[in-house]
Amino acid sequence: MNRRLRHNVLTARTVLATMVAVFALVAAGLPAANASDTNLAVGGNPPGGWVIDPAAYQKLFGNFNEGIPQGTVIADSGFRPYPHGFPVPNWGSDKSFVENAMVFGGATRVTLEQLQKGQVAGPAPLNALALRRTLGDGVCRNAKSIDPKTGDCDLILGAELLAQMVETSALGGHCFGIAAAAAALYNGQLPANQVGASSLGLNALNPMGNPATQTITRLFATQYLDPKVLPDAIAGQSPTKLVRTLIQTLPSGTVPFVLTVFGGVGGHAITPYAVLDRGNGLYDIAVYDNNFPLRALAVTVDTTTDSFVYTSATDPNSPSYTWSTANESTISLVEIDDLLGQQPCPVCRGKDQGTMLAFSSISQVNAETVDISLLDLEGQPLAPSLYRVVSTLNPPTEEARNIPVIFVNPGVEFLVAIDVRQLSGSQSFEVYALSNGASQYLLLDELRSNSTALFAVGGDKSLFQSTRAASPRIQQLYDGPTTSYDVNGHPIALPKEVSANQDWNRSKKQVRYSSTATRALVWNVQVNGINATGEAGWVGIGVSVPAGGEILVDYSGASATKAPLAWVIDKDKTRTPLTMQRLTPELLEQYRDQIYVVQGPS
């Protein structure tokens, strides 16, 4: 069975009809602007093929001359938003990417008819090649079996779950990845074919196919993987020292940094490429802001007060926001070299580096209704010295708000508490607990208003309990030296205040599913294994377990053709054999809601 996630086809939205009416691709030049802005926004005449009606551009992105850098250029890398920036604005969801493809063009131009018929899907999740470029060959089950032509390999299960987590986290936008990829391509640090640009490094006609989206997404993910990026971005730097650094480095003809701004609304990442002196200690940093293709915008620094101000949007579909020293925002530079190097792998087999805890986004209508906290196994608040909470450079959009990532120290077992107040709309929720060689995942198809749910992380046992009835989907996975396993439990209509337990003895290759319910409870259970010879999955669907009983699955002798041994054991220890079914594409299609545990982004 192919366990890679499948994307949902997208349906047309009313906004698309409006956007189509607004945009017109015409055989005309770029928007008119004064000489200074033209020189900083556009390097040379635009080639044919990607041009846009100036009135249409202004209707979506504002006047082309708003926010332009002013002053005398004193440091210039030569980078320009056109042609070195990407030809589409920043995107978050599959829907926004496909809207861009329809309006701006893509690998193949998308038509409104295709969208209405559900014939379009968004970018693929990170593949093996992109993960290897970011994390090394440890993401492969067997590094000796890497395809020399494609760079592909069979991924360990932890790497697949990590790719899913990144995809979910990027729903707030890919600004960090776009800013880094554009600079690295211009600098010659990434070859053109790895980014999908022309052989000359021209990016303005990038078809935004798989090479572009894979590179952008993997560089976006480095903010989670490089332990310095987010803490440094949030802490910030002296604006005066920052502008002096750019004055010294940009004349080299490269763009060595991504520039980040962070404040109360969230963060944003942009590409700084020139500095202008406005006199009296004022400087404008010319930036390529990937929310506004083609434009040159300015971050203004006042060295007399060591302060800065920048107005943009957290994503192209959000209201504008001002980051400034006055509202306690911070500004920082992140070195491109650090992002292109191999990152620490939070899921690869080896020494335990701790647990990276990430969550799916919350829809804006429910943004203020969900809180996350960590407890020890006694139900008391986890000591702050055992973890750190880091906000990401994924600001809220009109659709969704992200939850900060939490890094927990190695060897710590804990409970994730999900506190939910009154919801304003339907809300699913995912918890990713990623660690080296062994990870856990929780999917709640629907959060319940005015409830608290607990999910235990760490060790061989997984536990779930909620103050309201729920049907949690729990996955534990382990990547061994030669074989990977994942075990899945889905108690259906788990009563309130009842614990569901999933106890996995990896050395004996046994897993027990039980609960504290005082009545019979129905479970769906699943065990999957994969090694160099292939993979197989076995499922038990609609298994009734009496009060005080459990399900025991022993897969020590299982194979692709031989089912695991399984029993329903009642409270008197009487065993009733349970026949596990071989997981086939046909069975998967028939019982998708019951056995397809890994769902992908909410």
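Just so it is clear, the model here is predicted, and its values are computed rather than measured.
Outside the 6.0 Å centre-distance limit, the rings of Y387 and F414 are not counted as a close aromatic pair. Aromatic ring centroids of W523 and H490 lie 6.0 Å or more apart.
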Under the side chain to side chain donor-acceptor pair (under 3.5 Å) rule, what do N488 and D486 come out as? Steps first, then yes or no, please. CA-CA 7 Å; N488 309 271; D486 65 270; 2.8 Å; yes

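The aromatic rings of Y441 and Y432 are tilted relative to each other, their planes meeting at an angle between 30° and 60°. Note: F429 and F359 have parallel aromatic rings, judged against thresholds of 30 and 60 degrees for the angle between ring planes.
Between the side chain of S96 and the main chain of S93, a donor-acceptor pair closer than 3.5 Å is present. Not one N or O on the side chain of R141 forms a donor-acceptor pair closer than 3.5 Å with the backbone of A532. T222 places no side-chain N or O within donor-acceptor distance of the main-chain N or O of L225, the cut-off being under 3.5 Å. Side-chain N or O atoms of D572 include none that pairs as donor or acceptor with a backbone N or O of T574 at under 3.5 Å. Formation of a donor-acceptor pair under 3.5 Å by the S424 side chain with backbone atoms of N366 is not found in this model. A donor-acceptor pair under 3.5 Å is formed between the side chain of S449 and the backbone N or O of L423.
A salt bridge is defined here as a Lys NZ or Arg NE, NH1 or NH2 lying under 4.0 Å from an Asp or Glu carboxylate O, and R421 with D371 meets this definition. Salt-bridge formation is not detected for the pair D554/K509: no Lys NZ or Arg NE/NH1/NH2 atom is positioned less than 4.0 Å from an Asp or Glu carboxylate oxygen.
The salt bridge (Lys or Arg N to Asp or Glu O under 4.0 Å) with E550 is formed by just one residue from the set R512, K573, R575; it is R512.
With contacts defined as side-chain heavy-atom distances shorter than 4.5 Å, the pair W567/L578 does not qualify.
The environment of CD in E413 is crowded: more than 12 heavy-atom neighbours from other residues, nucleotides or ligands sit within 6.0 Å.
Closest non-hydrogen pair, I234 versus S391, comes out as CD1-O, 3.6 Å. Counting all heavy atoms, side chain and backbone alike, R349 lies closest to C140 at NH2-O, 2.9 Å.
Distance CZ/R468 to CD/E446: 10.0 Å, rounded to 0.5 Å. For the atom pair CD1 of I406 and CG of L382, the computed distance is 9.5 Å after rounding to the nearest 0.5 Å.
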